[in-house]
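The block underneath contains the structure these notes are about, expressed in structure tokens.
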Amino acid sequence: MFTIATWNINSVRLREGLVARFLSEEAPDVLCLQECKSPVEKIPLEQFRALGYTHVVARGQKGYNGVAILSRLPITDAGDRDYASLGHARHVAARLENGVTIHNMYVPAGGDIPDREQNEKFGQKLDFVAEMRDVFHADNPRKSILVGDLNIAPREDDVWSHKQMRKIVSHTPIEVDHLLAAQDAGNWVDVTRQDIPAGLLYSWWSYRAKDWDAADKGRRLDHIWASGDIANAAHASRILRPCRGWDQPSDHVPVLASFDL
DNA sequence: ATGGTGGAAAATCCA
């Protein structure tokens with residue numbers, strides 16, 4: 001069995017202790033982090049190494065973005081792609097010895113106004129996801145797992161209010177269309193929803209709410225997808241809501257899935 | 001309709 005986790009950590013240096021706690025308590029084989037906000041050489045790896053996570057593949061930049069794959073199993077660097085030519089560290093891939101490829105993605109948030117004429121960032125987000133679609137269409141993924149903060153909540157029950165969220169970036173119809181097209185182009189299976197098909201499911205709660213837990217205005221922005229050939233091996237998906245209540249938390253919580261591979 | 005919080009880095013951008 002193989003367990004993978006994804007977590008937008010919102011500064012890996014500030015939250016080194018939270019990552020270590022999560023690794024100690026859950027012991028996934030692989031943890032994919034987004035928003036490390038650190039150059040690779042400044043990621044604090046000592047404590048993670050001591051916990052058994054001795055294999056690391058990462059891309060970084062100063063202050064923004066940044067993705068890292070921490071693994072207890074040997075992995076090799078499988079490259080990255082500069083989606084939408086932004087020059088950001090938002091994708092890195094790694095390969096396990098069994099041939100499974102892991103894609104760790106951080107899709108742009110897209111700003112506040114859901115109109116590419118008024119807001120350049122929204123256009124960049126759509127372009128990023130459209131390029132994901134094109135890449136997966138040209139080279140159909142096999143034996144692959146894609147995880148990350150995709151910054152889109154596709155389903156009605158992935159947001160606290162479908163009606164009110166339809167005009168809010170992360171749940172607009174055009175973003176959902178783009179994400180589903182990318183998913184479809186690669187024959188990706190949404191593993192979390194395969195395992196937990198019904199009911200409200202969130203992985204992110206805003207810092208701005210007075211009481212995030214009571215208000216519970218969440219969104220499912222963080223995803224685990226599997227290529228069709230291994231999707232039937234996936235099971236035991238979880239979203240760790242309690243991590244949002246830890247001291248100095250990220251606004252995202254870890255999402256996990258296990259695979260019989 | 002508005003403003004609310006948090007992180008990095010350097011008094012502003014980004015989420």
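Side-chain atoms are counted along with the backbone in the values below, which use heavy atoms only and exclude waters and symmetry mates. Everything numeric here is computed off the predicted structure, so don't read it as measured data. Sequence lines set the chain letters: A, B, ... in the order given, protein chains first and strands last, and positions in each chain run from 1.
A salt bridge links Arg220(A) with Asp190(A): at least one charged nitrogen is closer than 4.0 Å to a carboxylate oxygen. A salt bridge links Arg59(A) to Asp77(A): one of the charged nitrogens lies within less than 4.0 Å of a carboxylate oxygen.
Proximity of Arg208(A) to the phosphate of dT2(B): no side-chain N or O atom is located under 4.0 Å from OP1 or OP2. Between Gln34(A) and the phosphate of dA15(B), there is no side-chain N or O to OP1/OP2 separation shorter than 4.0 Å. For dC14(B), the OP1/OP2 oxygens have a side-chain nitrogen or oxygen of Lys121(A) closer than 4.0 Å. Side-chain nitrogen and oxygen atoms of Arg90(A) include at least one within less than 4.0 Å of the OP1 or OP2 phosphate oxygen of dA15(B).
Distance noted for atom P between dG3(B) and dG7(B): 22 Å (whole Å). Annotation: dG4(B) and dC14(B) have their C1' atoms spaced 16 Å apart (nearest Å). Taking atom P in both dG6(B) and dT2(B), one finds a spacing of 23 Å when rounded to whole Å. Remark: the separation of the P atoms in dA9(B) and dA15(B) is 15 Å, to the nearest Å.
Closest to the side chain of Arg15(A), out of dG6(B), dA10(B), dA15(B), is dG6(B).
Counting heavy-atom neighbours within 6.0 Å of Arg13(A) CZ, excluding the residue itself, gives a total above 12.
Listed here is the closest heavy atom pair of Val19(A) and Phe48(A): CG1-CE2, 3.4 Å.
A straight line from CG of Leu221(A) to P of dA15(B) spans 13 Å, rounded to a whole angstrom.
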